[in-house]
Amino acid sequence: MSQPGAATLNLGEQRLHLKESSGGNTVEVPAETFLAHYANLLHSQRDTDDLVSHIETGLKATPEDQKPQTLSRNGWTATNFIGPNEDTVFKGLAGVAEEIYTHCQTWNETKQHPKLQQRTTRLICQPNHTTASEVRGGSMKTDARFILNEIGDDVHVPTSAAVAPAEFKTRMNPKNQIDNESKVLGAVGHILYNDPCRRFVIAFTIEDRMMRFWYFSRSHIAVTAQFDYHANPRLFIRFVIYMTFASLEDLGYDPTVQRIHVSEEDIQYRFTVGDKVYQTIRIIHELNLDIVTRATRVWEVIELDSEDMPIGESQVLKDVWLYFDATPESDIYNEIFAALRQLDADGSDAKRYFMNIISDSVVTVNGRADEAREPPTGYTEFFYTELDEEQVAMDAVIVAAQRGDVDGCTPKPKTNKAYVYPHKARIHRQVIFLEVCETLYKVFSYSKFALGLAQLVHGLAYLRLAGFVHRDISPGNCLIYEGQMKISDLEYARKYISQGKNITPLTGTPGFMAVEYQRGQYMFQVGGGRKANLDLYSRKTPSTIRFQFNFLHDLESVIWIYIWLLLETVPGYLTKIEEDAQRDNILRLRHKLFDGSLEGSGDRFGFIQSLTQDETIRFDEAWDTLSPLYGDDSALLIGLNSFLHLANCYAEVESLPRQSVLPGSMNWAPTCFVHRYYAQLHALFMHVHEQMKTTIYRARPFRYIANEVTDAVRPQKHRVNGHTQDVPNKRHRSLAADDAYVPVREQEEEEDLDTPSSPTANIQQRPKRNLPLRKKGGH
C-alpha cells in the first residue's frame, strides 16, 4: 500500500502540493528584520555597518584595468542590463559574490573577527546544471545556489552540498512570481525531504530588479518584502556575507547527523543521541513532503561502540519536530500507565499495545536545544501569488523604459488567501524504541490487517480507561511487532477532560480524521424528535457547546483505515482486465473519501451526514462500488458495517445530557463512552479476520494512478505506487457461508475484550437509533 510522499508525485505535483501546504505557514518581514533575525553573522551592528561600508566602497572604486565599477549609481553593473535569458543576465552574480568575499578578507586583515576566519560556501550560477543525486530522485536544478566551498570546480555538485537555492527571472510580472515561488519551494522541499542532515534552508529569488530572501524551517516560512537590490545594495551585501561565512550549523546543517557511504549505492546516517551513537539500517517511515510539519522520520538503527562496532539488537529511532509546549511522548506514556494503575487495571497486558520507550531526548546543537524559532515580531501573513487571467493581457505595459518603476507598471497579482496557522516554535526531539515494527502500509494480508485493527481497538479501549484520546490514529502510527499491534506517536494524545479551553489547530492525518473533528461540529445531536440542523459549510457547533475531541473520534479513525485498505488494494487473484473494469469507480470513491484536504471533502462529510439522518444511500454506494471488486459475499464488505455501528454509538452518546467537564463548557462525561462500543467493533474485525484467514490469496496495491483515469474521475493528490504481475484468472475463495451473521448489533451483554470491567458498565442507556446492518450477499 502506498504512503503519500514525494516519491509518488511528479515534479509539477510536488511544487503544487508544497505551495498549497505552505499557504498559511508563511510570513512576510522587512529585509532588515530578516537579516537581523535569520542571518545575523557578526552580532554587532557597529561591526556589520563598518564591514558593509568597507565592501561598498571597494565595489564602487574604479578598477585599475579600466573595467566598469562593480557597483555604480545605477546598481550592480554585472546584472543591470537587458538580456535574452536568466543565464545571461544573472551569471555575473557569482563574480559579485567573489568580490564581496575578497573585500571581507581585506577588512578582516586588521579586524581579525572570528566569524570571518573560515569560508563556508560560494555562489555558483549554473541554471542548466542538475545536482548529483545521492539517493534515487535526489537531484534538482536551480538557476543558482550557494554550495559548500569544499566542493571543487570540476566536481558535479551533490544535492547535499547545495546550501541555498536561488531562482531568477528577467521580467517582473505575476507569471514569473508564480514560477519563482513554485521553483524555490520545490527546491527547498527537495532538500529537506531527501537530506536528514538539514534542519532549515535559506534561499533567494529575483524578478528583474526585485529581490526576496527566504527562510524555510519546520515551524514557519519567512520571506522578505520585495526590495530593489540595485537601489539597496547593502542588503544584498549583508546576505552574501552571511551565506559565505556562517557556520554549517547556522546554515541549517545538523552536526549530530553524519552521512555514511556504506557503498556506492548505499548511504546510511549516524545519529549522536546523548552519549550514544546509532547508525541507520533502513528507513521505516519517511516524512511527508511538507516543509512546515513535524517532519517525522523513523529508522531502524543499531547502536555502535567507540570503535564503530554494532552493539546488541537493532532498535528504532524516531526523529521529530514537536511544538515547544508539547508534552514529550515518554511523559504521556508514563501518565497513561499511571492512570491505569490507579484504576487497578492490568498494566502489564496494556503495555503490549504500546511501544517500549528506551530514551526520549531533545537534540542539542552547540550546547543549546535545537529549536525552530517563531517568526520575529511585526510580521504580516504572506499569501502566495495566483494568476489572474486579466493580468496576462496587461503584461504588455511592462516595457524596458519602465523597468525601474515596478510598482507603477506591474499589475498586482492575486494572492492565495490560505488558512493561517499559528507560527509556534518547535523543538527537535529523538526517541529510541525497543521494538522494530512495520506500519500497516506494509501489511498485504487481509486477515492480518483485520486482526491488527481488532487489536488496535483493544489498545484504544485501554486508552479510554486511562482517560486519554490519541487524536492521530493512522496507518503510519499503527505498528505490527511479531503479530501484535502497537499504538505509536503519542505526541498528540491528551486527557479527555483536560484538552484545554482554547481551540487548537487540527491534528492528525487528514484522510483518517473523524469527520466531526474536521468540521468542528457534533453531527448526531437530535432534539425534540427532529434531526440535527447541520450547516454543511460551518465549522462551529452551537455556541453553548465547545467542540471537543472524544473517544469515538479515535474509533472513527480506525474505521477510515479499514475502508482505505479496501480502496488502496485489490485481491491478488484479479487479472488486469478485471481490475480495468473497476478502475474508474474505485478511484472516484477514493477521491470522494480521501481527497487529502485538512477539512475533508463535501463527499466525506456527506457520507457521515447521511448516517445522522437514518439514511444509508452513501453507505450503499460504497458497498456497491466495492462488491464487484471483492465479491458481494466477501467478509471484507461485512467490515463496512463498522460505519453503521459507529453511527449508532454517536447517536447514543450525543443523545445523553452534557455535563460541565471543563469550566465554561458543557460536554459529555467520560462515563458516557462505554466499553460496549469497543467490544462490538473488536468483535466485528475479529469476524473479518477469522473469515479471511481461510483464503490463500494476498492483497496487492491497486495498480492505477489517478492521472491515468478518464476525465470523469478527478485526479488524486497522491498517486498509487502499484506494481503489476501476471496472475492466473482463478479465484481462490474458501469463505464460510454465514448469511445469518449480524455483526455488532446492540446486545444485552457486553462482549469480553479481556480488559477490566468498565466503570460505566451499568450506566442507563438512552434510546438510540439502530441503523440496519448489511449482510453478505446484499441488503
Side-chain angles (χ1 to χ4, degrees), residues 294 322-323 325-329 331-340 342-343 345 350 353-355 453 455-474 476-478 485-510 512-524 541 545-561 608 646 649-650 652-654 656 658-659 661-662 665-679 681-682 753 755 758-760:
R294 288 190 297 172
L322 300 180
Y323 285 130
D325 56 354
T327 306
E329 187 165 4
D331 290 354
I332 296 173
Y333 178 92
N334 292 332
E335 286 183 40
I336 290 170
F337 285 95
L340 290 175
Q342 289 181 358
L343 294 173
Y353 295 97
F354 298 89
M355 303 285 288
L453 293 186
Q455 293 174 343
L456 175 58
V457 172
H458 201 157
L460 290 175
Y462 275 118
L463 269 185
R464 180 191 68 86
L465 284 177
F468 278 76
V469 287
H470 187 279
R471 304 200 304 163
D472 190 17
I473 295 296
S474 68
N477 296 337
C478 303
M485 171 65 70
K486 289 183 176 291
I487 301 172
S488 69
D489 277 8
L490 298 176
E491 294 100 337
Y492 288 144
R494 296 289 184 272
K495 290 182 179 179
Y496 171 67
I497 61 172
S498 61
Q499 293 181 61
K501 296 187 65 173
N502 296 325
I503 300 299
T504 58
L506 291 176
T507 58
T509 307
F512 309 102
M513 286 182 182
V515 172
E516 282 195 343
Y517 182 47
Q518 288 182 304
R519 292 280 164 160
Q521 63 183 52
Y522 297 114
M523 299 171 61
F524 291 81
T541 56
I545 308 169
R546 185 181 67 81
F547 184 85
Q548 184 174 331
F549 191 102
N550 63 48
F551 303 101
L552 290 181
H553 297 141
D554 276 337
L555 289 184
E556 183 177 334
S557 294
V558 179
I559 299 171
W560 282 118
I561 292 175
I608 298 297
L646 179 74
C649 296
Y650 274 130
E652 181 175 306
V653 169
E654 294 181 18
L656 297 172
R658 291 177 292 274
Q659 302 175 18
V661 296
L662 283 174
S665 68
M666 299 291 290
N667 225 304
W668 293 281
T671 52
C672 296
F673 302 89
V674 296
H675 180 72
R676 169 169 40 85
Y677 302 156
Y678 296 82
L681 188 57
H682 175 273
L753 266 178
T755 57
S758 167
T760 63

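- In this structure, CG on L453 lies 11.0 Å from NE2 on H682, to the nearest 0.5 angstrom.
- Under the 3.5 Å distance criterion, the side-chain polar atoms of E556 are left unmatched by any main-chain donor or acceptor of L646.
- Residues that satisfy the side chain to side chain contact (heavy atoms under 4.5 Å, CB included) test with D331, not counting sequence neighbours, are T327, P328.
- Taking the ring-ring contact (aromatic ring centres under 6.0 Å, His included) definition, one finds that Y492 meets it with nothing, sequence neighbours left out.
- The side chain to side chain contact (heavy atoms under 4.5 Å, CB included) search around S474 returns D472, N477, T509, F512, not counting sequence neighbours.
- Side-chain contact of Y517 with D554: a donor-acceptor pair under 3.5 Å is absent, judged by distance alone.
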Inset, instruction - For the pair Q342 and F337, evaluate side chain to side chain contact (heavy atoms under 4.5 Å, CB included) and give the outcome as yes or no after the intermediate values. - result: CA-CA 9 Å; Q342 289 181 358; F337 285 95; over 6 Å; no
Inset, instruction - Start with the C-alpha gap between Y522 and N550, add the side-chain angles, then the distance that decides, and say whether side chain to side chain contact (heavy atoms under 4.5 Å, CB included) holds. - result: CA-CA 11 Å; Y522 297 114; N550 63 48; 4.1 Å; yes
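- Between H458 and Y462, the two ring planes are parallel [angle under 30°; tilted spans 30° to 60°].
- Each of Y677, F551, F524 was scored for a ring pair (Phe, Tyr, Trp, His ring centres under 6.0 Å) with Y650, with one residue passing: F524.
- Atom SG of C478 sits about 7.0 Å away from atom CD1 of I487, to the nearest 0.5 Å.
- Evaluation of the side-chain hydrogen bond (donor to acceptor under 3.5 Å, both in side chains) rule for D489 yields K318 as partners, not counting sequence neighbours.
- For the atom pair CD of E335 and CZ of R494, the computed distance is 9.5 Å after rounding to the nearest 0.5 Å.
- E329 CD to S488 OG: the interatomic distance, rounded to the nearest 0.5 Å, is 7.0 Å.
- A466 is linked by a side chain to side chain contact (heavy atoms under 4.5 Å, CB included) to I336, A339, L340, F468, counting only residues two or more places apart in sequence or in another chain.
- Closest heavy-atom contact between W668 and V653: NE1-O, 3.0 Å.
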